[in-house]
K.L.:
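Have a look at this one before I ask anything.
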Amino acid sequence: MSENEHNIHDFDVAMICEYFSGLDRQGPGSNEATIKALSFIDNLNEKSKIVDLGCGTGKQTIVLAQNTPGNITAIDLFPDFIDKLNDNVQKLNLQSRVKGVVGSMDKLDFELNELDLIWSEGAIYNIGFEKGMNYWNRFLKKGGYVAVTEASWFTEEQPQEIFDFWNEAYPEIDTIPVKIAQMQKAGYAVVASFILPEICWTENFFKPAIEVQKAFLNKYKGNKTAEEFIKYERHHALLYDKYKDYYGYIFYIGKKI
Ligand code: SAH
């Protein structure tokens with residue numbers, strides 16, 4: 001990669017981070033869905049070690065903290081997200097139990113069989129569902145839980161337009177039975193799976209983005225990368241509206257065997 005390309009890439013990443021920092025959620029979700037997923041998990045106490053991988057600015061981390069005992073380490077690649085998370089943690093006086101740290105979900109610094117729960121909303125796709133499920137398993141105690149959300153198909157076949165979009169964005173997208181079989185193969189008993197309600201996408205993710213997108217385009221007027229990026233985000237929202245019968249986010253909850 002030339003130095004010039006390197007700089008362009010750095011700028012893109014910084015800009016995209018800035019955009020997502022302005023949102024409470026960096027992916028579809030809801031407090032209710034987080035709490036529902038937690039209801040399937042029965043092994044937690046004050047000593048429990050919980051990690052939230054790809055936590056973003058930490059909306060779900062806070063919900064986790066408010067609805068579980070135990071200690072939470074929230075990990076994300078981007079320092080700005082972690083700063084925002086740690087600010088919120090301070091404001092809510094949760095700093096004795098919750099800590100945001102910069103790190104990567106594919107290079108974890110935990111002991112084998114150490115963790116009680118691995119959480120990851122809308123983020124495992126960054127390393128791939130199968131790889132994440134397999135790699136993370138070793139850090140869980142026997143009987144520990146994994147809970148993730150992942151984009152999945154509801155039908156065996158999809159209209160070409162949405163098939164093409166997802167195969168470009170995330171070729172590992174697949175049907176729910178395929179994902180469940182992958183979890184089982186990776187060493188989990190699959191405890192539950194449920195579809196996130198549409199409001200997790202519409203009200204909670206796409207709608208708050210509308211104003212942020214306007215402000216962002218204003219700030220970066222004439223910047224091709226910024227314009228392309230927002231165009232993509234808007235296209236993503238339109239496609240969801242058109243094809244939401246065919247795909248969505250699924251919460252998958254597994255228990256290590
Ligand atoms: N869990 C949050 C954020 C989801 S967006 C929510 O539901 O709102 C996906 C997040 O994964 C982003 O914050 C991104 O910075 C983070 N991410 C991407 N690659 C990562 C990696 N290798 N390790 C840790 N975090 C990563």
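Computed from a prediction, not measured in an experiment: that's the story for all the values here. In each ligand, atom 1 is the first atom listed, and ligand 1 is the first ligand listed. Residue numbers start at 1 and run along the sequence shown.
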K.L.:
Ring centres under 6.0 Å, that's the criterion: do Tyr247 and Tyr240 meet it?
P.N.:
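So the answer is yes for these two rings.
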K.L.:
Can you confirm if the aromatic rings of Phe78 and Phe20 lie within a centre distance of less than 6.0 Å?
P.N.:
no
K.L.:
With a cut-off of 4.0 Å, which atoms of ligand 1 are near a heavy atom of Phe78?
P.N.:
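Every atom of ligand 1 under 4.0 Å from some heavy atom of Phe78: 15 (O).
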K.L.:
Taking the six-membered ring for Trp, are Phe216 and Tyr220 ring centroids under 6.0 Å apart?
P.N.:
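Distance test on ring centres: under 6.0 Å, yes.
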K.L.:
Which residue holds the protein heavy atom closest to atom 17 (N) of ligand 1, what is that atom called, and what is the gap in Å?
P.N.:
Asn126 ND2, 3.6 Å
K.L.:
Minimum heavy-atom separation for Ile176 and Ser152, please, with both atom names.
P.N.:
CG1-CB, 4.1 Å
K.L.:
Using a strict cut-off of 4.0 Å, indicate which atoms of ligand 1 neighbour a heavy atom of Phe81.
P.N.:
13 (O), 15 (O)
K.L.:
What's the shortest distance from atom 6 (C) of ligand 1 to any protein heavy atom, and which residue and atom give it?
P.N.:
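Closest protein heavy atom to atom 6 (C) of ligand 1: Gln60 OE1, 3.2 Å.
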K.L.:
How far is atom 26 (C) of ligand 1 from the closest protein heavy atom, and which atom is that?
P.N.:
Met105 CE, 3.6 Å
K.L.:
Using a 4.0 Å cutoff against the non-hydrogen atoms of Gly27, which atoms of ligand 1 qualify?
P.N.:
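Matching atoms, with element in brackets: 8 (O).
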K.L.:
Tell me whether the guanidinium CZ or amine NZ of Lys36 lies under 6.0 angstrom from the six-membered ring centre of Phe194 and within 45° of its axis.
P.N.:
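The answer is yes, since Lys36 meets both limits relative to Phe194.
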K.L.:
So which heavy atom in the protein is nearest atom 13 (O) of ligand 1, and how far is it from that ligand atom?
P.N.:
Asp76 OD2, 2.7 Å
K.L.:
Contact between ligand 1 and Cys55 is defined here as a heavy atom of the residue under 4.0 Å from a ligand atom; is it met?
P.N.:
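In this structure, Cys55 qualifies as a contact of ligand 1 - some heavy atom is under 4.0 Å.
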